[in-house]
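Here, residue 1 is the first one in the sequence, and each next residue gets the next number.
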Amino acid sequence: MPTDTPRPLRADAARNAEKIVRAAREVYAQLGPEAPLDEVARRAGVGIATLFRRFPDKAALLRAVLDQQFTEDVLPAIDRGLADEDPRRGLTEVIEAALTSAAEEYHVLTAARSAGVFSAETGARFFDALDPLVARGQRAGVIRPDLVPDDVRRIMSMLVSVLWTMDPAEAGWRRYVTLVLDGLDPTAATPLRHPAPPLLRRPQP
């Protein structure tokens, strides 16, 4: 009977995929967003044909890199944030972890942006985890109650966009995290006159 469930990778194929993704992170960090896939294959110790069997194009490889980056750099911070008794501090830790990861792997983000990898689905895991942290802060009275999920998505996009305007190796982006979080404090919040506009789903280039 046919099934749509993906077949698990053989052990050797899984090891090769892992080596390729780790090599890609290293190569992009060292050579920049235009790093050739031939060099990724060389660093991984596999042939270019093996790379393309697992990742048919650059976009597929970059999606795997972003997934690994999220799992290793951001997901542990989300767990810590949810466990923190202070909702505002927990939310701050997650936002800072996401921006730290983006700054450290800036060339990966630049390559992914150029390849049209980013979409609503790309960030779904992050925002699905972030929304409960925001809601918990609202219930505790430390995050303004009129903040909605679409606001959070736009705020994170604005914070990431700061990296395009500076040397990502510097920590200046933390200034804007503080400014944004102060703006989410309900104690001095100005009532919002307009609802959040619908998010536009622009076609990938």
Side-chain angles (χ1 to χ4, degrees), residues 18 21-22 25 29 62-110 112-113 117-199 201:
E18 168 76 8
V21 171
R22 293 211 175 274
R25 294 176 72 175
L62 286 165
R63 288 188 193 96
V65 170
L66 291 172
D67 186 65
Q68 185 184 87
Q69 181 183 344
F70 174 82
T71 299
E72 295 184 354
D73 299 347
V74 182
L75 201 55
I78 290 171
D79 291 338
R80 292 192 301 271
L82 287 168
D84 197 318
E85 295 181 356
D86 183 330
R88 181 183 170 90
R89 186 171 60 205
L91 178 61
T92 301
E93 176 167 3
V94 172
I95 291 174
E96 289 186 341
L99 268 293
T100 297
S101 180
E104 290 178 348
E105 308 224 25
Y106 174 77
H107 292 315
V108 168
L109 262 64
T110 302
R113 189 186 188 199
V117 168
F118 291 123
S119 66
E121 291 72 27
T122 309
R125 287 180 69 197
F126 176 68
F127 290 114
D128 286 349
L130 193 62
D131 288 345
L133 281 161
V134 173
R136 188 176 68 136
Q138 290 174 317
R139 290 193 300 271
V142 296
I143 299 295
R144 57 187 302 158
D146 51 1
L147 188 74
V148 299
D150 281 356
D151 294 327
V152 177
R153 284 151 179 75
R154 286 188 168 101
I155 286 169
M156 287 304 303
S157 294
M158 288 189 286
L159 287 172
V160 171
S161 73
V162 170
L163 297 175
W164 314 129
T165 70
M166 56 171 282
D167 179 352
E170 298 179 355
W173 56 264
R174 294 182 183 274
R175 171 187 180 91
Y176 300 97
V177 172
T178 300
L179 287 168
V180 164
L181 288 169
D182 283 353
L184 301 184
D185 189 331
T187 57
T190 301
L192 299 173
R193 296 174 53 198
H194 304 287
L199 288 172
R201 308 300 185 191

Kindly give the heavy-atom pair with the smallest separation between [X] and [Y], and that separation in Å.
| X | Y | result |
| --- | --- | --- |
| Ala97 | Val74 | O-CG2, 4.4 Å |
| Pro197 | Asp150 | O-OD2, 4.2 Å |
| Arg144 | Gln138 | O-NE2, 3.1 Å |
| Phe118 | Arg113 | CE1-N, 3.6 Å |
| Leu163 | Ala103 | CD1-N, 3.8 Å |
| Arg136 | Asp84 | NH1-O, 2.8 Å |

Tell me the ring-ring contact (aromatic ring centres under 6.0 Å, His included) pairs involving residues 149-169, sequence neighbours left out? Tyr106-Trp164

Between [atom1] of [X] and [atom2] of [Y], what distance do you get to the nearest 0.5 Å?
| X | Y | atom1 | atom2 | result |
| --- | --- | --- | --- | --- |
| Leu133 | Arg88 | CG | CZ | 13.5 Å |
| Phe126 | Leu75 | CZ | CG | 11.0 Å |
| Leu82 | Leu91 | CG | CG | 10.0 Å |
| Ser157 | Ile155 | OG | CD1 | 10.0 Å |
| Glu104 | Leu99 | CD | CG | 11.0 Å |
| Leu181 | Tyr176 | CG | OH | 14.5 Å |

Could you go step by step and tell me if Glu170 and Arg175 meet the salt bridge (charged side-chain N to carboxylate O under 4.0 Å, His left out) rule? CA-CA 11 Å; Glu170 298 179 355; Arg175 171 187 180 91; over 6 Å; no

Residue pair Met156, Leu130: steps toward the side-chain contact (heavy atoms from CB on, under 4.5 Å) verdict: CA-CA 11 Å; Met156 287 304 303; Leu130 193 62; 4.2 Å; yes

Would you call Glu93-Arg89 a salt bridge at under 4.0 Å N-O? no

Counting only heavy atoms not in Arg174 (residues, nucleotides, ligands), do more than 12 fall under 6.0 Å from its CZ? yes

Under 3.5 Å, is there a donor-acceptor pair between the side chain of Arg153 and the main chain of Pro149? yes

Is it the case that the side chain of Thr165 and the backbone of Val162 share a donor-acceptor pair, with hydrogens and angles ignored and the cut-off at 3.5 Å? yes

Name the residue from Val94, Leu147, Asp151 that meets the side chain to side chain contact (heavy atoms under 4.5 Å, CB included) definition with Val134. Leu147

Trace of the side-chain contact (heavy atoms from CB on, under 4.5 Å) decision for Gln69 with Leu109: CA-CA 11 Å; Gln69 181 183 344; Leu109 262 64; 4.0 Å; yes

Flag the pair Glu105 / Asp73 as yes when at least one side-chain heavy-atom distance between them is below 4.5 Å, and no otherwise. yes

